[in-house]
Amino acid sequence: MPSFKFSKEEKLKSRKVIQQLFERRTSIHIFPLRLIWGPIEPRFNDYPTQFAVTVPKKRFAKAVDRNRIKRVIREGYRLTKPILNEQLSAFDQQYGLMFIYTGKKKPSLVEIEKSLKRIRKKLVKQLSAEGSEDK
RNA sequence: CUGUAAGACUGUUCUAUCGUUCCAUGCUAGCAUUGGAAAAGGAAAGUCCGGACAACGUAGAGCAUCACGCCAUCUAACGGAUGGGGUCCUUAUUUGCUUUAAUUUAUUAAAGUGAACAAAGGAUACAGAGAGUGUCGCAGAAAAUAACCGCCAACUUCCUCUAAGAUUUAUCUUAGAGAAAAGGUAAGGGUGAAAAUGUGUGGUAAGAGCGCACGGUGUUCUCAGGUAACUGAGAAGGCGGAUAAACCUCGUGAGUUGAAAUGCCGCAUAUAUCCUGAUUCGUAAGAGAUAAGUUGCUCGCUUAGCGUGGAAGUACUUUCGGGUGCUUUCCAUCGGGAGGGGUAGGCAGCUAGAGGUAAUCCGUGAGGAUUAUCCGAGAUAAAUGAUAGAAAGGUAAUCUUUUGAUGUUGGGCUGUAAUCGUCGAAUGUCAUUAGUUUACUUACAGAAUCCGGCUUAUAGGUUUUGCAGUCGC
RNA sequence: GCCAAUGUAGCUCAGGGGUAGAGCACUUCCAUGGUAAGGAAGGGGUCGUGGGUUCAAUUCCCACCCUUGGCU
């Protein structure tokens, strides 16, 4: 039985790490989500990923809308997380994942899950390609 | 009953599964499990006022700046609220005058213009324009101690003419008429947002608050009512604008910065140090001195704590000196450049409060008092959610149904030359009552230290008051 | 969380109580064999929205809305 828990330790909080992610500029864009990702060194804990969401204030002026979108994305991530973690744990490395919502309308959970699925496949592909180059 | 305007209250519910924050519990001491009838608002919003709380500053007076401004009350406080007063506007009513028309010749009608009281509704940043300065476009004679046109010829003066008288015979005096450089006047000028207190009347050379009557509006005094703002009555003496959300004057009040404040732990040589400018103090040099003490500092160990050391004088306390009238207080402050580090972690502040609810009492009311009872968010890259199902409400449509209005068709009755009237039937349209089914939908909006207000947003429901319409009694 | 500034013609900006302007752009005409430059004429504004003060508001006061910026 996979765990759907989503604790504080799995949330990306360090300003330094976020800064590094944006400087690294490795991103995957599948509408309506953009993922900015990278390895975290040194790793904070045993979880294979740390996660953060942001919604631009320019497109959604009301706090209610922004909160709603963040909650939906967080929920979608929580439900798809076990598969992702299983695949990523093979690389023996902690990764930071930063999601930016780029859509213009309020999303439904189904759309978010679709996008997350495709992002996961692409991410794993890129990672395994990197790993083979190193070897 | 329906519509409409304003206000008040309310602001969907339940179940299952998977999660988040917090609290409690468990033990292996940072994880797991179990439990929780714990977890967004009336505006959490805008950040427009007022406070609590905190840090720093702070004698008084003066200067500057800002805010407020009818009265009383409420309140921790307010620029908020409640009650009252004044002023203005709208509606309706009454009345004076002018013009026009009609005829009954003193009435009626219409229009214009001036004024008044009470009622209802609404608005009101509502101290001072009689302290001073400024501004008032265009139009208009004139826009602020008014005099251009006009009006006047009584008084004064000058000139001309006529008459009478006197004598110095061409001068004077008196009377009358004319003219108006000077003079008087402010009714008329139709422009304007505003034209010097309105209307009527007397008066006059012409006029005028110059007098009078009825009004308007200030000042002073007296009396009466009211806590007061203010109101009423009487007397005296007045009447040459608007603007203070123009400068300003008067009165009242105000230190600055905000919980990312602030304190502690941790990390730290960290207002380090050097150069330079300005200000302040000092005659100048220059930017206090000296001594003692400390829960402070150094080093070691994981924390608490314990042990050790005694160099330096950052901090605090006491003493002395200097500046200041005294006390307080200060003994440097602020800026620029160079240079060289560190953090963006934890704990407290952090939620029991000018708290909520109910009852009783006081008050016109805002509100207050007493008693009982309840405690129900505390996140920090920022929790309070997702999915599925059910219920409730709303909107729209289809169908059935109740009632009413109305059109068409043919029929009966009364009755006619005929239209017509009336009764019930079929069918169409509109409104309406109740129900079925389907679809859509359930507002505005998310705590960030906490309160009191204000402002703005808000589907639907409930309700109060006013107004309008319909039906019944 | 806290604090400022701004809004005027299609664009960039003046105007700080008395009928709202400049430059560029736009339209028409002149000039040229034609185009540009040049010359002449013209159009275009709820002065962000709603109240208030005033005789009169783009301007003064109040509330709201939009945009932009700053602190952390």
Side-chain angles (χ1 to χ4, degrees):
Chain A
M1 179 70 187
S3 167
F4 292 109
K5 284 193 190 309
F6 188 42
S7 72
K8 254 187 184 177
E9 305 284 323
E10 297 179 68
K11 289 179 186 172
L12 181 56
K13 296 186 177 185
S14 167
R15 250 182 216 226
K16 272 186 181 171
V17 172
I18 293 168
Q19 193 89 25
Q20 283 170 15
L21 289 185
F22 277 93
E23 280 171 10
R24 201 158 172 277
R25 284 163 179 266
T26 48
S27 69
I28 297 166
H29 187 202
I30 295 199
F31 186 83
L33 286 176
R34 176 184 291 274
L35 169 68
I36 294 175
W37 62 278
I40 298 172
E41 287 170 345
R43 57 190 304 165
F44 286 88
N45 44 48
D46 293 333
Y47 289 100
T49 56
Q50 285 203 323
F51 163 87
V53 191
T54 179
V55 180
K57 199 173 188 175
K58 276 198 175 179
R59 286 200 179 147
F60 300 93
K62 286 175 187 170
V64 174
D65 295 338
R66 288 200 301 277
N67 279 351
R68 165 79 185 172
I69 291 165
K70 283 196 270 187
R71 279 167 184 159
V72 167
I73 294 172
R74 217 177 276 137
E75 182 70 13
Y77 176 76
R78 184 176 71 80
L79 295 173
T80 57
K81 191 182 51 160
I83 312 170
L84 179 68
N85 282 358
E86 197 182 337
Q87 292 176 340
L88 287 186
S89 56
F91 296 98
D92 191 26
Q93 176 70 270
Q94 191 171 29
Y95 292 97
L97 305 176
M98 180 93 187
F99 287 91
I100 302 172
Y101 185 74
T102 57
K104 290 177 183 173
K105 291 177 187 174
K106 286 191 250 180
S108 70
L109 186 67
V110 181
E111 294 174 49
I112 293 295
E113 281 186 330
K114 245 184 218 169
S115 175
L116 281 170
K117 219 177 212 174
R118 292 180 57 193
I119 285 176
R120 191 188 72 228
K121 282 180 185 167
K122 212 168 179 181
L123 176 64
V124 171
K125 219 177 192 179
Q126 284 189 9
L127 278 174
S128 54
E130 245 177 46
S132 60
E133 279 175 18
D134 289 349
K135 282 170 192 174

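Below, chains carry the letters A, B, ... as their sequence lines are ordered, and counting in each starts from 1. The figures here come from the full heavy-atom set of this structure, side chains too, leaving out hydrogens, waters and symmetry mates.
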[X] [atom1] to [N] [atom2], straight-line distance once rounded to whole Å:
X	N	atom1	atom2	answer
A:R74	B:U21	CZ	P	11 Å
A:E75	B:G19	CD	P	10 Å
A:D65	B:G446	CG	C1'	11 Å
A:K70	B:G19	NZ	P	23 Å
A:R66	B:U384	CZ	C1'	17 Å
A:I73	B:G385	CD1	C1'	14 Å
A:I83	B:C18	CD1	C1'	15 Å
A:L79	B:U20	CG	C1'	13 Å

* To do: Using the test side-chain contact (heavy atoms from CB on, under 4.5 Å), find all partners of A:R71 that sit at least two apart in sequence or belong to another chain.
  =>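 Scan of A:R71 (side-chain contact (heavy atoms from CB on, under 4.5 Å), adjacent residues dropped) gives A:N67, A:R74.
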* **Residues in side-chain contact (heavy atoms from CB on, under 4.5 Å) contact with A:T80, at least two apart in sequence or another chain** =>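 Testing A:T80 for side-chain contact (heavy atoms from CB on, under 4.5 Å), a comparison that skips the adjacent residues, returns A:L116.
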Mind telling me whether [N] is syn or anti, cutoff 90° either side of 0?
N	answer
B:G42	syn
C:G16	syn
B:G238	anti
B:G218	syn
B:A382	anti

* **Distance in Å, A:K125 NZ paired with A:R120 CZ, rounded so as to fall on 0.5 Å steps** =>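 Interatomic distance, A:K125 NZ to A:R120 CZ, rounded to 0.5 Å: 13.5 Å.
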* To the nearest 0.5 angstrom, please state how far the CD1 atom of A:I119 sits from the CZ atom of A:R34. =>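 It is 10.0 Å, given to the nearest 0.5 Å.
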Distance check, [atom1] atoms only: [N] and [M], in whole angstrom units.
N	M	atom1	answer
B:A289	B:A261	C1'	38 Å
B:G216	B:A120	P	22 Å
B:A6	B:A123	P	13 Å
B:A228	B:G85	P	15 Å
B:A59	B:G69	C1'	31 Å
B:G394	B:U422	P	42 Å
B:C210	B:U185	P	11 Å
B:U13	B:A8	C1'	25 Å

Look through every strand shown and name the nucleotide pairing with [N] as Watson-Crick or G-U wobble, where both distances are under 3.5 Å.
N	answer
B:G404	B:C430
B:C9	B:G461
B:A372	B:U357
B:U133	B:A246
B:C18	B:G385
B:U87	B:A123
B:U108	B:A101
B:G218	none

* Could I get the full list of side-chain hydrogen bond (donor to acceptor under 3.5 Å, both in side chains) partners for A:Y101, not counting sequence neighbours? =>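 Expected list: none.
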* Asked: Under the side-chain hydrogen bond (donor to acceptor under 3.5 Å, both in side chains) test, which residues partner A:D65, sequence neighbours left out?
  ->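 Result, side-chain hydrogen bond (donor to acceptor under 3.5 Å, both in side chains) vs A:D65: A:K106.
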Short N/O separations, protein against nucleotides 38-42 of chain B, under 3.5 angstrom:
unit_1, atom_1, unit_2, atom_2, d
B:A40, N6, A:R71, NH2, 3.3

Any side-chain heavy-atom pair of [X] and [Y] under 4.5 Å:
X	Y	answer
A:I28	A:Q126	yes
A:L97	A:I36	no
A:L33	A:I100	no
A:Y77	A:V53	no

* Asked: Any idea which of B:C18, B:G446, B:A381 is nearest the A:M98 side chain?
  ->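 So the nucleotide nearest the side chain must be B:A381.
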* Asked: Below 4.0 angstrom, N of the basic side chain to O of the carboxylate: do A:E111 and A:K114 qualify?
  ->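 No.
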* Can you name the one residue among A:V72, A:L79, A:I69 that meets side chain to side chain contact (heavy atoms under 4.5 Å, CB included) with A:I112? ->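 Checked A:V72, A:L79, A:I69 against A:I112; only one passes side chain to side chain contact (heavy atoms under 4.5 Å, CB included): A:V72.
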* Asked: Any stems for RNA chain C, made of 3 or more Watson-Crick or G-U pairs in a row, each with both distances under 3.5 Å?
  ->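 RNA chain C stems, ordered by first number: C:1-5 with C:67-71, C:10-13 with C:21-24, C:26-30 with C:38-42, C:48-52 with C:60-64.
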* To do: Map A:V53 and A:V72 onto RNA chain B by nearest heavy atom, then report which one ends up closer to the 5' terminus.
  =>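 Of the two residues, A:V53 wins.
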